[in-house]
Novice: 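Quick one: structure below, then a few questions.
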4 protein chains.
Amino acid sequence: MTFDLVIRNAECATATDVWHSDIGISQGRIEAIGRGLAGARREIDAEGRLVLPGGIDPHCHIDQLTSQGLRTADDFASGTISAAFGGTTTILSFAVQPRGESLRRAVDEYHRAAEGKAVSDYSFHMIVTDPTPQVLGQELPALIRDGHTSIKVYMTYDALRLDDRQALDVLDLARREGAVVMVHAESHDLIGWMTGRLLEQGHTEPKFHALARPAITEREATHRAITMAELVGQPIYVVHVSGEGSMRQIAEAQAQGLRIFAETCPQYLLLTARDLDRPGFEGAKYCCTPPPRDQDSQRALWRGLATGIFQAVSSDHSAFRFGDTKGKLAFGSSAPFNRIPQGLPGLETRLPLLFSEGVGSNRLTLNQFVALTATEPAKIFGLYPRKGTIAVGSDADLVIWDRDREVEIRAEDLHDAMDYTPYEGRMGRTWSCHAAMLYVCATNSWFHLAAGNS
Amino acid sequence: MTFDLVIRNAECATATDVWHSDIGISQGRIEAIGRGLAGARREIDAEGRLVLPGGIDPHCHIDQLTSQGLRTADDFASGTISAAFGGTTTILSFAVQPRGESLRRAVDEYHRAAEGKAVSDYSFHMIVTDPTPQVLGQELPALIRDGHTSIKVYMTYDALRLDDRQALDVLDLARREGAVVMVHAESHDLIGWMTGRLLEQGHTEPKFHALARPAITEREATHRAITMAELVGQPIYVVHVSGEGSMRQIAEAQAQGLRIFAETCPQYLLLTARDLDRPGFEGAKYCCTPPPRDQDSQRALWRGLATGIFQAVSSDHSAFRFGDTKGKLAFGSSAPFNRIPQGLPGLETRLPLLFSEGVGSNRLTLNQFVALTATEPAKIFGLYPRKGTIAVGSDADLVIWDRDREVEIRAEDLHDAMDYTPYEGRMGRTWSCHAAMLYVCATNSWFHLAAGNS
Amino acid sequence: MTFDLVIRNAECATATDVWHSDIGISQGRIEAIGRGLAGARREIDAEGRLVLPGGIDPHCHIDQLTSQGLRTADDFASGTISAAFGGTTTILSFAVQPRGESLRRAVDEYHRAAEGKAVSDYSFHMIVTDPTPQVLGQELPALIRDGHTSIKVYMTYDALRLDDRQALDVLDLARREGAVVMVHAESHDLIGWMTGRLLEQGHTEPKFHALARPAITEREATHRAITMAELVGQPIYVVHVSGEGSMRQIAEAQAQGLRIFAETCPQYLLLTARDLDRPGFEGAKYCCTPPPRDQDSQRALWRGLATGIFQAVSSDHSAFRFGDTKGKLAFGSSAPFNRIPQGLPGLETRLPLLFSEGVGSNRLTLNQFVALTATEPAKIFGLYPRKGTIAVGSDADLVIWDRDREVEIRAEDLHDAMDYTPYEGRMGRTWSCHAAMLYVCATNSWFHLAAGNS
Amino acid sequence: MTFDLVIRNAECATATDVWHSDIGISQGRIEAIGRGLAGARREIDAEGRLVLPGGIDPHCHIDQLTSQGLRTADDFASGTISAAFGGTTTILSFAVQPRGESLRRAVDEYHRAAEGKAVSDYSFHMIVTDPTPQVLGQELPALIRDGHTSIKVYMTYDALRLDDRQALDVLDLARREGAVVMVHAESHDLIGWMTGRLLEQGHTEPKFHALARPAITEREATHRAITMAELVGQPIYVVHVSGEGSMRQIAEAQAQGLRIFAETCPQYLLLTARDLDRPGFEGAKYCCTPPPRDQDSQRALWRGLATGIFQAVSSDHSAFRFGDTKGKLAFGSSAPFNRIPQGLPGLETRLPLLFSEGVGSNRLTLNQFVALTATEPAKIFGLYPRKGTIAVGSDADLVIWDRDREVEIRAEDLHDAMDYTPYEGRMGRTWSCHAAMLYVCATNSWFHLAAGNS
């Protein structure tokens with residue numbers, strides 16, 4: 001037996017196990033896990049290091065045209081390089097259907113945007129904004145059969161949202177065709193009404209973004225989305241849960257045996273609405289949707305991660321440069337909160353932050369970290385068993401971590417296209433390697449170049 | 001001291017007390033409660049009888065034009081006579097604004113329909129279907145100041161519903177002006193989608209009415225209505241709760257200190273969806289919205305009455321004759337379920353059924369019966385202290401009950417304009433006078449003729 | 001018609017109604033409620049005043065021998081005078097069976113202690129400490145038939161507690177004989193274990209009293225008591241609930257339809273465990289069992305009062321003078337926390353405090369105030385309809401309140417036998433008459449002298 | 001690289017992964033997992049078969065002296081052979097301290113009983129019945145340090161139970177010394193009282209065993225055990241949960257972040273209290289403690305397995321021969337229910353039944369099956385990573401399953417010492433191999449002979 005590469009003496013972990021061994025890799029796949037593997041053409045000594053499944057980021061926005069006519073800052077080159085430096089080896093981005101246009105064409109275009117640029121694996125969730133008979137009857141079934149098996153439904157945003165009947169049509173189609181449906185659950189009308197009230201009263205600063213979208217509006221939409229899923233008999237995956245109320249709706253549904261999946265993001269675990277209230281336009285850096293909440297919410301979400309209510313932590317990387325007129329400044333530094341381009345960067349910091357604050361602070365086990373960042377997303381989105389674990393036959397998407405290295409996060413050190421990070425200056429605060437920055441290099445052969453929709 | 005009338009030797013009850021005494025009445029008001037009251041111009045001996053506050057039916061549809069272009073069967077003569085024979089001395093019916101028209105004019109028209117016909121007190125909730133700036137800015141505030149202080153919002157029915165932003169506008173106005181908002185909480189889009197699916201599959205019989213509106217769609221809309229109330233900081237009153245899921249949403253909101261009121265109706269305590277599956281068109285007799293559920297729901301609702309989740313039991317009397325081409329047959333005996341005129345008669349049977357099944361079966365105390373059928377509705381809708389209790393200064397709206405009389409309910413004995421009752425043949429099943437039919441006569445002077453909006 | 005006394009022009013309230021009228025009284029009973037009542041031998045003008053049912057304090061310890069060999073500070077003279085000055089016209093104290101002795105004899109002795117001293121009505125709950133076959137088979141059934149219909153079971157205190165089998169025997173007897181069972185629910189063994197640990201570590205100061213009895217020990221015993229009630233099919237009344245956990249256990253049981261009643265006390269609504277941490281021995285003034293908790297608990301309990309989880313607010317008046325070697329100093333000023341005589345005075349301040357902080361702060365309606373302090377206790381303990389309301393035929397136990405008077409609470413102004421009050425210096429903080437001190441005088445004839453066990 | 005044994009072409013599963021590969025084993029440990037492993041001294045072809053981690057039965061009673069003076073039917077030979085034929089390769093039995101005697105001596109005796117007899121791995125939980133200062137201060141700490149790291153506390157049974165203070169002492173010691181505490185949670189006093197009542201009334205048949213121990217008594221003790229765990233800050237493992245009420249107590253504690261673990265058993269998933277009501281003494285076959293409940297409980301428990309409330313399914317194998325005067329007949333065939341030796345056999349049927357009814361009926365995934373029967377018990381009781389998974393370095397405790405084989409369970413085919421099985425005649429009811437009987441043979445070298453306390 002010979003291997004293209006053997007990683008030696010690694011402390012390996014999956015979502016359930018931790019062990020020491022070598023890992024033998026050939027043609028980008030794991031061929032053997034064992035001690036003293038012979039026949040290596042090339043070797044890396046991982047003594048003293050952790051080897052984990054490469055992170056899967058199930059939710060990020062790369063080179064995406066927004067409803068405001070902007071484009072998110074990262075293309076598939078900077079996005080996947082940044083992801084890889086943050087320990088993420090597969091990203092799931094979005095292909096968004098413009099209203100009135102073909103979904104198939106949109107998917108094709110996003111594939112073209114990624115081809116030749118991405119340095120890691122990637123795929124696309126399809127954002128259906130216009131479920132015409134043509135889309136529901138022909139394009140979507142064909143796309144699903146071609147392997148584009150996940151659909152995202154927005155319950156808010158004028159340019160993206162489906163109304164509830166359309167959402168039910170999509171859920172029903174997904175049930176028949178075997179696709180996964182992600183839901184952005186916020187109450188369009190309640191938020192629209194609150195926004196109107198606030199603007200009428202002249203409340204335009206970034207901090208009002210949080211007041212326009214209070215946690216109960218997320219809870220309402222989550223309850224509604226769950227009811228639709230229950231009505232149709234189709235599982236859903238609720239994205240970027242920020243509030244305890246929504247989390248409890250999800251937990252109750254799960255306790256009744258419904259298949260409701262959910263993710264949260266580092267911004268909801270680590271930031272609060274007070275970050276939006278920084279002086280001047282500085283708060284715009286922290287404007288994302290839904291907005292960060294408060295410390296009680298953070299505690300609740302951490303408990304939800306530890307007790308299995310959540311299956312994933314995504315970045316929801318949706319990056320707009322702060323000092324850029326095609327970014328946060330697109331509508332000026334006194335743009336009202338509802339015109340500020342929404343979103344935060346987070347591809348590269350997702351895993352270091354979660355490792356440091358989660359594993360390092362004993363809120364999560366190492367196994368839970370792997371489950372939340374790789375295995376469960378892979379299973380939910382159909383990437384498993386090729387992705388998301390360390391097992392014979394799986395892709396050798398492996399990340400070597402140095403637990404002992406403590407790193408200060410600085411925007412200038414990151415590899416995305418951004419000019420800021422909301423986590424500037426954060427350090428690990430326990431024994432652990434905070435920010436355990438990854439050791440792997442994207443040029444290593446086992447970190448093979450990407451092919452769409454693995 | 002002299003009295004127009006003294007009721008002697010009565011066993012009286014309020015929502016909290018039970019006692020024996022005379023009641024002295026002058027000019028339609030209770031002047032004294034005491035033993036051996038002297039000075040009566042006229043006397044009624046109520047020895048061995050119960051004297052309770054006259055029932056208040058907070059939810060019935062009299063002489064109302066429906067969205068299908070029909071008119072409900074009872075006018076204010078038959079409606080109030082029937083109510084009175086059932087122990088109800090005040091009814092709250094509806095004045096519905098046609099889309100595109102004036103709410104003020106609608107209120108005036110309904111007043112005209114009642115004047116000179118009603119034999120009991122009555123008032124109107126205003127159904128707002130078109131909250132234009134004119135309506136919100138001028139008509140509604142003026143109407144509220146004139147004493148029309150309750151508004152009903154429909155979350156479903158094409159011709160009646162407000163969307164969520166409109167509903168928020170109405171809630172906000174009610175908060176500012178001090179009105180009460182009733183909500184018909186069913187998910188318009190979810191029901192519309194289910195209805196479409198069922199009809200596509202050729203499922204048109206009455207029983208599919210229940211499948212098109214499953215209990216979870218009521219739960220969803222209830223959660224949404226509560227969220228809107230919470231957002232605005234305005235109490236709501238949820239009408240005709242039929243399912244346990246909705247009831248639990250209400251109970252949770254109450255436990256958090258929100259002011260959410262709710263009613264249920266005899267049809268949800270005594271009928272089930274199986275009644276809709278009777279042979280031929282017979283099921284149409286039991287078609288009402290929301291539909292009756294199952295025995296588990298019934299048990300849950302009785303528990304909700306006993307434990308204070310509900311404040312009221314209304315009839316939701318919305319009567320269409322069964323054998324009438326202006327009634328249930330309006331669209332033929334093979335009309336699909338969504339075209340069958342929806343609603344049941346219940347004005348006259350509401351109290352006898354609730355007394356028999358509630359007090360007679362030891363599910364409710366006599367005090368709770370009074371609270372649910374008179375006192376609490378009076379307090380919520382601003383009729384208290386004139387209505388809803390037996391107290392000095394209150395209107396002498398009194399009903400004398402004969403506990404010992406057992407009566408079989410038969411449509412031919414009832415005083416409404418109907419040709420059927422969904423409770424045909426029901427008997428009391430305990431020691432008590434089932435159907436304890438009332439003893440009072442509408443011609444007695446203390447059962448004074450009606451004035452609008454008392 | 002003539003009356004011994006007519007109270008004129010009163011604003012009266014029951015648990016459900018509020019009205020203006022005269023009240024006509026003869027031979028200590030309410031004979032008529034009406035306007036312009038003629039025939040008064042004597043009159044009081046209550047214009048501008050509230051007239052409420054006299055308070056019933058369902059839980060206080062008067063002239064009681066404690067398990068530490070002490071006697072509570074108030075006898076039936078000072079106790080009932082103090083109660084009356086606080087608006088309470090009926091007290092329910094305790095007759096405690098010494099282990100190994102006759103319960104009947106104990107009841108007789110406590111009656112003797114009260115006779116001739118009490119200026120208000122009173123009765124006794126029987127504390128069963130030794131349920132021998134003689135007690136269960138003969139004494140208790142006979143006492144219940146004689147009208148001593150309530151029994152208290154302690155789950156803690158070495159000298160008083162029943163083990164669970166004994167408690168079940170008492171519950172079962174109460175079910176058969178038709179008595180009410182009050183339960184002091186704290187975990188004897190858990191508290192004993194914690195106390196041992198704390199004392200071993202030298203933690204003896206008053207503040208450790210709260211640590212020795214954490215809220216979860218009350219929750220545990222409450223759950224156990226409810227389970228015993230459920231097993232036997234006998235309602236219970238849980239005394240002095242202090243923590244949110246216990247309250248939730250009670251609320252869940254009620255929601256399932258179990259008949260579980262509960263009270264809380266002003267000390268749990270207004271004090272916290274921090275009061276026990278005052279310098280020196282000062283904390284001993286606030287030592288009662290269970291101990292006051294924290295502000296979150298206070299908020300939860302207020303919500304529980306408003307939403308009907310609690311039926312009563314009692315004083316649990318158990319008074320030991322602070323500067324007295326037969327009081328708090330009985331075992332010295334450095335007595336370890338578990339030897340400090342436990343209990344607070346509160347008979348006279350119960351209603352003024354609850355009125356001010358409850359009704360005055362809009363946490364409770366006037367009707368809820370009456371229900372919690374008079375009507376519900378009267379109903380639960382069999383005093384109704386003689387006590388607890390304003391109705392024809394009921395005892396004229398009436399209290400006239402002056403809403404406009406603001407009073408500072410000072411120990412020296414109170415009428416009990418105490419040298420301190422835990423509420424020294426408290427003032428009303430809203431528009432209302434804080435401490436709306438009562439206007440009534442114990443010498444008025446309608447405030448008739450006491451007879452046992454009315 | 002050479003291996004003592006290579007299992008070829010297996011479909012392998014852990015608690016998270018499923019893959020196909022060979023497994024290379026040397027000296028009883030897994031050395032490599034890979035495809036085409038060379039260097040095998042011996043091979044087994046597992047093509048078409050599942051290879052799973054050997055089952056760990058965390059709760060069974062082997063060769064144990066009971067409080068009635070009997071001995072459970074299986075010794076360590078028949079017990080471990082039976083376990084192995086049922087796919088279980090490690091059993092955790094009990095060493096019970098007789099009151100008044102040394103725990104160390106008891107542990108030694110049970111070791112002697114197992115040595116030379118057991119054909120699989122085994123260890124002992126220590127049942128502490130007499131926590132004297134000697135035991136708490138010296139024996140237990142020393143035993144824990146020797147690797148006997150789990151303690152069982154009984155809350156019921158006169159001969160075994162600890163009172164709550166003793167239980168707290170044991171929990172506190174476990175916290176300090178780092179041991180695991182299992183709790184048998186049933187209310188001793190409530191059950192004793194009910195038993196007394198039933199026997200007084202002449203209710204002695206086996207079916208009354210279920211009435212004497214209603215589900216609420218398990219719920220009560222579970223709540224109490226959780227409170228004790230919370231007080232001390234020490235996790236517990238609740239054994240043989242049978243009722244939904246207990247399960248909910250556990251779920252709520254987990255949701256609050258408490259570390260409460262729990263198991264259920266096949267008898268609570270598959271039998272009901274009606275099985276105890278079979279004619280004559282036949283019901284005694286199904287008498288175990290706690291008793292089986294009803295179908296609602298079964299459904300709830302299956303949901304609890306699927307949603308992660310339970311970490312394990314144990315057998316609670318506690319076997320007494322039915323037709324044996326040292327077994328169920330020890331006190332005659334008309335022994336009252338409380339004298340019937342309690343317990344069911346289940347070592348050999350645990351995994352086949354759970355596989356068939358769980359995996360085969362789509363209630364559990366294959367990964368969940370592995371987690372519940374091997375991985376989680378191994379982690380909780382300190383056997384991991386040597387036991388409970390398939391990973392490099394772990395013991396080669398592997399079981400080969402034939403999914404396609406359908407088997408009828410018959411007592412005569414089982415390998416325990418019993419003359420009956422409560423599951424006689426059960427068949428798989430889905431596509432799957434019901435009873436997927438294992439393929440492995442206990443004499444294979446990788447199924448190495450046992451050493452205590454691995």
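Proteins come first, then strands; the chains are lettered A, B, ... in the order of their sequence lines, and each starts at number 1.
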Novice: Salt bridge between A/Arg219 and B/Glu230, side-chain N to carboxylate O under 4.0 Å?
Specialist: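 The answer is yes: the pair qualifies as a salt bridge.
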Novice: So does B/Arg248 have more than 12 non-hydrogen atoms from other groups sitting under 6.0 Å from CZ?
Specialist: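 Open.
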Novice: Who wins among B/Met228, B/Glu220, B/His223 for the most heavy-atom pairs under 4.5 Å with chain A?
Specialist: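 Ranked by contacts with chain A, first place is B/His223.
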Novice: Might you confirm whether atom CZ of A/Arg99 has over 12 heavy atoms from other residues, nucleotides or ligands at distances under 6.0 Å?
Specialist: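 Correct, the count exceeds 12.
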Novice: Which residue out of A/Thr217, A/Asp172, A/Asp189, A/Leu190 racks up the most heavy-atom pairs below 4.5 Å with chain B?
Specialist: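 Ranked by contacts with chain B, first place is A/Asp189.
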Novice: Within a radius of less than 6.0 Å around CZ of A/Arg176, do more than 12 heavy atoms belonging to other residues, nucleotides or ligands occur?
Specialist: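 Yes, the 6.0 Å shell around CZ holds more than 12 heavy atoms from other groups.
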Novice: Quick check: are there more than 12 heavy atoms from other residues, nucleotides or ligands sitting under 6.0 Å from CZ of A/Arg339?
Specialist: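 12 or below, so no.
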Novice: Flag the one option from B/Val232, B/Ile226, B/Leu168 with the top tally of heavy-atom pairs under 4.5 Å to chain A.
Specialist: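 Winner by heavy-atom pair count: B/Leu168.
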Novice: How many angstroms lie between atom CG of B/Leu231 and atom CD1 of A/Ile191, to the nearest 0.5 angstrom?
Specialist: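 Nearest 0.5 Å value for the CG-CD1 distance: 9.5 Å.
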Novice: For the candidates A/Gln166, A/Arg165, A/Arg197, A/Met194, which exhibits the highest count of non-hydrogen atom pairs separated by less than 4.5 Å from chain B?
Specialist: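 Maximum pair count with chain B is reached by A/Arg165.
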Novice: Given a strict heavy-atom distance threshold of 4.5 Å, which part of B/Gln249 is in contact with chain A: side chain, backbone, both, or neither?
Specialist: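 For B/Gln249, side-chain heavy atoms alone lie under 4.5 Å from chain A.
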